[in-house]
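Only one structure is covered here, and it is reproduced in the block below.
We count ligands from 1, going down the list as the structure has it; atoms in each ligand are counted the same way.
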Amino acid sequence: MRKPVKKAIFPVGGLGTRFLPATKAMPKEMLPVVDKPLIQYAVEEAKGAGIEEIIFVTGRGKAAIEDHFDISWELQKTLEARGKDQELATLAKIASEPGQISYIRQQEALGLGHAVWCARHLIGDEPFAVLLADDLILAKEPCLKQLIDLHQDVGGNVVAVQDVPKDQTDRYGILDVVNDDGRVAKAKGLVEKPSPDVAPSTLSIIGRYVLEPDVLHELDRKEKGAGGEIQLTDAMARTIDRLAFHDLRFDGTRFDCGNKSGFLEATVAFALEREDLRGAVLDIIARYGAANLTQDNDISAKVIEVCK
Ligand code: UTP
């Protein structure tokens with residue numbers, strides 16, 4: 001019988017430089033897709049997968065995340081006094097059990113591996129999940145639940161993967177695969193951000209992991225990898241000769257909200273999922289589509305025309 005996965009780490013210590021100036025005073029993870037911050041989507045996914053303990057690895061300037069998951073008494077009382085039941089219900093969904101959320105400080109942004117390692121004492125000797133909130137996933141069954149189910153079957157480390165265009169391998173952790181049945185693959189190696197000419201495949205790890213505590217022991221070495229950062233990928237790769245490493249092509253769509261075009265696409269996709277917004281979004285898309293915007297257009301003139 002395998003130990004169940006009940007703890008999840010949410011590394012939120014990054015600087016979010018690709019979203020400056022929005023992220024100068026606000027954490028990237030608080031950027032809203034439609035009307036919900038990225039981090040709340042990730043926490044809801046984790047709870048939907050049976051996670052009971054939530055560990056945020058935060059850094060300077062991330063206090064808004066703590067406030068978001070706290071009770072806001074003044075707001076609650078004001079909404080109650082005004083009879084705003086729907087808004088109160090929205091707030092109630094964010095609530096956690098007392099003691100369910102912990103915050104660990106990553107004093108320096110030394111890399112994703114370092115952020116995960118900062119939570120080692122809270123994890124102890126059991127498998128755990130890691131979720132990166134800037135990978136937003138639209139799925140019928142939470143992506144993390146799909147990973148945990150696979151972990152129950154096969155054990156070892158299990159990560160979510162997707163195929164990426166060949167010319168983009170240098171943006172991702174890429175897998176060297178031995179067995180692949182089209183849904184689950186087994187990897188014999190991992191490379192962080194390889195250039196397309198040396199990439200062993202186009203199968204890329206995305207921000208959902210179920211890991212064994214051995215990975216934390218590997219991170220004890222604090223070895224720097226690509227970009228001078230302590231990489232989670234490197235620590236996982238060092239366990240591969242003794243621990244099975246499975247990769248799941250999950251059911252669902254992932255949006256890379258760490259970059260602007262991915263974030264914009266997620267906003268459209270999630271708005272289209274919403275009954276109260278779908279009609280308005282389709283109308284907007286039709287209007288902008290009809291304006292025949294291309295790279296060479298005088299875009300601002302056309303946008304002004306569309307918005308008239
Ligand atoms: P990114 O590579 O997206 O870095 O981190 P970033 O700093 O957040 O964003 P950019 O590239 O400057 O725009 C991937 C994930 O790892 C976390 C981030 O918060 C994000 O969830 N992270 C990264 C940490 O928690 N600590 C780090 O030292 C680095």
Side-chain angles (χ1 to χ4, degrees), residues 8-33 37-46 54-66 68-69 101-120 122-123 128-137 143-144 159-162 164 168-174 190-194 204-209 211 215-216 219 221-236 254-264 266:
I9 301 175
F10 297 79
V12 292
L15 300 175
T17 53
R18 282 170 290 170
F19 269 94
L20 283 168
T23 47
K24 181 163 179 274
M26 183 180 79
K28 170 174 77 170
E29 298 78 11
M30 287 301 294
L31 291 172
V33 167
L38 287 171
I39 190 67
Q40 192 182 331
Y41 286 100
V43 168
E44 286 175 1
E45 179 185 328
I54 290 159
I55 302 161
F56 289 115
V57 182
T58 70
R60 281 178 63 79
K62 301 283 178 166
I65 296 177
E66 295 186 34
H68 184 73
F69 289 97
I101 301 187
S102 315
Y103 296 91
I104 292 280
R105 191 87 164 191
Q106 184 191 25
Q107 289 100 332
E108 278 182 278
L110 296 179
L112 174 59
H114 180 257
V116 170
W117 178 79
C118 287
R120 66 201 178 282
L122 291 179
I123 296 298
F128 60 97
V130 177
L131 294 95
L132 306 187
D134 40 12
D135 272 335
L136 180 58
I137 297 174
C143 176
L144 186 63
V159 297
V161 294
Q162 69 175 29
V164 295
Q168 290 180 14
T169 55
D170 54 359
R171 299 188 200 168
Y172 303 97
I174 297 290
L190 285 171
V191 197
E192 183 61 33
K193 302 188 172 73
S204 138
I205 302 178
I206 64 138
R208 297 292 182 277
Y209 313 75
L211 302 175
V215 175
L216 295 175
L219 286 167
R221 298 198 208 180
K222 298 200 205 107
E223 265 175 35
K224 289 187 178 161
E229 296 196 335
I230 299 171
Q231 298 285 357
L232 183 60
T233 312
D234 294 341
M236 294 188 301
R254 168 259 193 173
F255 300 92
D256 180 0
C257 291
N259 79 59
K260 286 165 216 168
S261 58
F263 182 84
L264 288 172

Show the protein residues that qualify under the rule heavy atom under 4.0 Å from an atom of ligand 1, listing them in chain and number order. P11, V12, G13, G14, L15, G16, T17, R18, K28, E29, Q106, A109, L110, G111, L112, A115, D134

Scan for salt bridge (Lys or Arg N to Asp or Glu O under 4.0 Å) pairs involving residues 10-28, sequence neighbours excluded, and state none if there are none. K28-D134

Atom pair CD1/CZ of I65 and F56 - distance to nearest 0.5 Å: 6.5 Å

Got a sec, which pairs hit side chain to side chain donor-acceptor pair (under 3.5 Å) with one end in residues 221-230, sequence neighbours left out? E218-R221, R221-E223, E223-R238

With a 4.0 Å cut-off, would you call D135 and R254 a salt bridge? yes

Value rounded to 0.5 Å, distance of CZ in F128 from CD1 in I9: 5.0 Å

Could I get the full list of side chain to side chain contact (heavy atoms under 4.5 Å, CB included) partners for K260, not counting sequence neighbours? F19

